[in-house]
Novice: 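Got a structure here, written out as structure tokens. Questions coming.
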Number of protein chains: 2
Amino acid sequence: MSDKQPGNNMRSLDRAIDVLEVLEDAPRGLRLTEIARRAGLHVATTLRILNALEARGRVERDETHYRAGVGLLFGAHAYLTTSPLVAAARPVLQDLASETGLTSSVFVRTGYSRAVIARVEGSNPLRYELPIGERLPLHLGAGKILAAHLSDADRDELLSRVAPFVTAGGREMTGEDFTAELDEIRGSGIAVSTDERIIGGRSVAAAVHDRDGAVTAAVQVAGTDESVSEDRLKALAITVRNAADQLSRRL
Amino acid sequence: MSDKQPGNNMRSLDRAIDVLEVLEDAPRGLRLTEIARRAGLHVATTLRILNALEARGRVERDETHYRAGVGLLFGAHAYLTTSPLVAAARPVLQDLASETGLTSSVFVRTGYSRAVIARVEGSNPLRYELPIGERLPLHLGAGKILAAHLSDADRDELLSRVAPFVTAGGREMTGEDFTAELDEIRGSGIAVSTDERIIGGRSVAAAVHDRDGAVTAAVQVAGTDESVSEDRLKALAITVRNAADQLSRRL
DNA sequence: TCTCTGCTTTCATTCTATGAAATGTTCTGT
DNA sequence: ACAGAACATTTCATAGAATGAAAGCAGAGA
């Protein structure tokens, strides 16, 4: 899961997080052996970690399977209520959604993934389920605008993890293709994606900068390829960039 | 924070969770020394834990303060999408809310607190903010129905932590009062609360049992003391109990 | 400038965390 | 029903991670 980064002490804690990440990425419960395999840990070690986490409500189990526990809710709640970014994002998304009629979201990068941290549904709210906290790829959709501003080392690491890949729409991308696209995105400041993560879906995203100019988040509008039609793209690009800039200013 | 339970290995992991819990309970960022103080740990230890957590996105910091990190969202998402209880609760709450017009919730106990794991707003949705994952007391409101079914040891531990206490409405409760009320609640299977956690608020709650008969969750309807009027209580008690039983059967 | 408070680093020691292996348990297929 | 495999748990000796004291820094305030 995570490469052994030299200089990082606290091995058992680090491994516990490995275990948690395995659980977080699984759509259903997993057995001990499988968790150990995916986390790259010894079974005995994995068991001890799971027991410790279970004792604290961070993990739940039935007879045979382990899954995420209720205790994990507290952390998310704390993040959503204390993060200045989340607080700043809400009103911006509200405006963006009512102006465009599209579902508007803010993403943040963590490691080599991203997470939705705030979302306002557009006029036709597709699904009820709130996707906050879903782990999404950094190389597809709005993730690209975040990927485009990675350091060289981080970008290479990302490439080595995902490239080459195929989008949901069937487009094949090599590492070179992807790097080139990221350069383009960085130039224009806008990432447009069609059929990348979901077929029939299209999105427009722009980067949010913190006070130091570092890219910390992305603002996105998304919809079907009909609601985000080709001839709206130019206008949407401007709108989304404005929203992103507005959010940047609020930080 | 957590008593040293003998036989629990994985000390550093356990302490890391102590640190996380401190952060989760803080309405805003905290300084290193303060976190160490609240968690009952040495500053150096606390710092190492925070660094390890920060490296994994579980904690964020600005110049001086630490707070919960984005990485914590993933766990909550995983819990909400994989927990059978959450899945079973949703339709039951939907029915309950439309039948009563009241905000309907399911709570789960973790340690000596509880968490909202599912909620459907009633006819007058008070607040936009989604409270899923909020840590709430076990001795007030719907928490009582969970407290009423604790083991003797756990109940004593809870008492030692909170009793004596005063409700939001100003009622003073000693440990004996509280124990007596819990006995009553256990007998009737229903917990009614007025002005306990919030002034002007009233709720009715019933217990959910798993296959083994253990109490695993609580179903609650809540509103103002006007919307949950005295003369509705009898009918609501039956409705809520039915909902709880229905949920029990789905597990 | 000096002092106080809080943060970070260093270091020797201890005892936690570790993995191999043995033991116990639950599936699977015949 | 049985044998064999796969999985889960416990035990144990050892390595080295985690620990806390103390020293070294940095920043705030007087």
Side-chain angles (χ1 to χ4, degrees), chain A residues 1-23 25-69 82 211-212, chain B residues 1-23 26 28-69 82 211-212:
Chain A
M1 189 103 269
S2 72
D3 303 331
K4 289 149 202 160
Q5 292 180 347
N8 191 5
N9 359 14
M10 297 263 116
R11 183 153 71 138
S12 69
L13 172 50
D14 223 47
R15 288 176 162 188
I17 297 178
D18 286 341
V19 167
L20 279 174
E21 288 190 347
V22 166
L23 251 27
D25 285 342
R28 84 197 68 245
L30 295 174
R31 316 201 62 160
L32 171 60
T33 308
E34 178 62 13
I35 297 171
R37 202 187 58 72
R38 296 195 192 187
L41 298 174
H42 194 272
V43 208
T45 305
T46 307
L47 178 63
R48 279 184 298 254
I49 290 173
L50 285 168
N51 283 335
L53 290 172
E54 191 196 1
R56 296 299 221 91
R58 255 59 189 180
V59 157
E60 289 175 9
R61 62 184 302 185
D62 57 30
E63 299 308 311
T64 56
H65 290 249
Y66 293 87
R67 57 199 145 70
T82 60
R211 301 200 155 276
D212 309 331
Chain B
M1 186 101 272
S2 72
D3 302 331
K4 289 150 200 161
Q5 291 179 348
N8 190 6
N9 359 14
M10 298 262 114
R11 182 154 70 139
S12 69
L13 172 51
D14 223 48
R15 289 176 160 187
I17 297 178
D18 287 340
V19 167
L20 278 174
E21 287 189 348
V22 167
L23 251 25
R28 82 197 69 245
L30 295 174
R31 315 202 62 155
L32 171 60
T33 308
E34 178 62 15
I35 297 171
R37 203 187 57 71
R38 296 196 192 184
L41 298 174
H42 194 272
V43 208
T45 305
T46 307
L47 178 63
R48 280 184 297 253
I49 290 173
L50 285 168
N51 283 336
L53 290 172
E54 191 197 1
R56 297 298 221 93
R58 254 62 187 178
V59 157
E60 289 175 9
R61 63 184 300 183
D62 57 29
E63 299 310 309
T64 56
H65 291 248
Y66 293 86
R67 58 200 142 72
T82 61
R211 302 201 154 276
D212 309 330

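Predicted model, so just to flag it, every value in this text is computed and none were measured. Letters A, B, ... mirror the listed sequences (proteins, then strands); counts begin at 1.
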Novice: Ignoring backbone atoms, test whether A/R15 places a side-chain nitrogen or oxygen under 4.0 Å from the OP1 or OP2 oxygen of C/dT16.
Specialist: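 Answer no for this pair, as no side-chain N or O of A/R15 is under 4.0 Å from OP1 or OP2.
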
Novice: Could you state the interatomic distance from CD1 (A/I35) to CG (A/L23), rounded to the nearest 0.5 Å?
Specialist: 5.0 Å

Novice: Nearest whole angstrom, please: distance from the C1' of D/dG27 to the CG of B/D62.
Specialist: 16 Å

Novice: Output the distance between atom CG (B/L20) and atom CZ (A/R56), rounded to the nearest 0.5 Å.
Specialist: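 These two atoms lie 9.5 Å from each other.
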
Novice: Tell me the interatomic distance from A/I49, atom CD1, to D/dA17, atom P, rounded to whole angstroms.
Specialist: 15 Å

Novice: In whole Å, I'd like the distance from the CE atom of A/M10 to the P atom of D/dG20.
Specialist: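 So the two atoms are 10 Å apart, to the nearest Å.
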
Novice: Mind checking the CG-OG spacing from B/D14 to A/S12? Nearest 0.5 Å is all I need.
Specialist: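 With rounding to 0.5 Å, CG (B/D14) is 10.0 Å from OG (A/S12).
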
Novice: Would you say the side chain of A/T33 lies within less than 4.5 Å of the side chain of A/R37, judging by non-hydrogen atoms?
Specialist: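 No, every pair of side-chain atoms sits at 4.5 Å or beyond.
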
Novice: Output the rounded distance in Å from CG (A/L13) to C1' (D/dT19).
Specialist: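 Roughly 15 Å, once rounded to whole Å.
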
Novice: Let me have DNA chain C in dot-bracket notation, would you? Count Watson-Crick plus G-U wobble pairs, both distances under 3.5 Å, and use [ ] for pairs crossing earlier ones and | for inter-strand partners.
Specialist: ||||||||||||||||||||||||||||||

Novice: Restricting to side-chain contact (heavy atoms from CB on, under 4.5 Å), what partner residues turn up for A/R31, sequence neighbours left out?
Specialist: A/T64, A/H65

Novice: Tell me: CD1 of B/I17 to P of D/dA18, nearest whole Å?
Specialist: 15 Å

Novice: Give every pair of a protein N or O atom and an N or O atom of nucleotides 3-13 of chain D that lie under 3.5 Å apart, one pair per line with the distance.
Specialist:
residue	atom	partner	partner atom	Å
D/dA8	OP1	A/R31	NE	3.4
D/dA8	OP1	A/L32	N	3.3
D/dA8	OP2	A/T33	N	2.8
D/dA8	OP2	A/T33	OG1	2.3
D/dT9	OP1	A/R61	NH2	3.2

Novice: Whole Å only: how far is the CZ atom of A/R11 from the P atom of D/dA17?
Specialist: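 Rounded to the whole Å, the gap is 6 Å.
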
Novice: Calculate, to the nearest 0.5 Å, the distance between atoms OG1 and OH belonging to A/T82 and B/Y66 respectively.
Specialist: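 Answer for the OG1-OH pair, A/T82 versus B/Y66, is 15.0 Å.
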
Novice: How far does CG of A/L50 sit from CE of B/M10, to the nearest 0.5 angstrom?
Specialist: 10.5 Å

Novice: Can you tell if the side chain of A/I49 reaches within under 4.5 Å of the side chain of A/D18, non-hydrogen atoms only?
Specialist: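 Answer no - side chains too far apart.
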
Novice: What distance separates A/R58 CZ from B/E21 CD, expressed to the nearest 0.5 Å?
Specialist: 5.5 Å

Novice: Round to the nearest Å and state the distance from B/L50 atom CG to C/dT9 atom P.
Specialist: 13 Å

Novice: Once you round it to whole Å, what is the distance between P of C/dA17 and CG of A/L41?
Specialist: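 In whole Å, C/dA17 P lies 14 Å from A/L41 CG.
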
Novice: Output yes when at least one side-chain N/O atom of B/T45 is less than 4.0 Å from OP1 or OP2 of D/dA18, else no.
Specialist: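 Checking D/dA18 against B/T45, no side-chain N or O comes under 4.0 Å of OP1 or OP2.
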
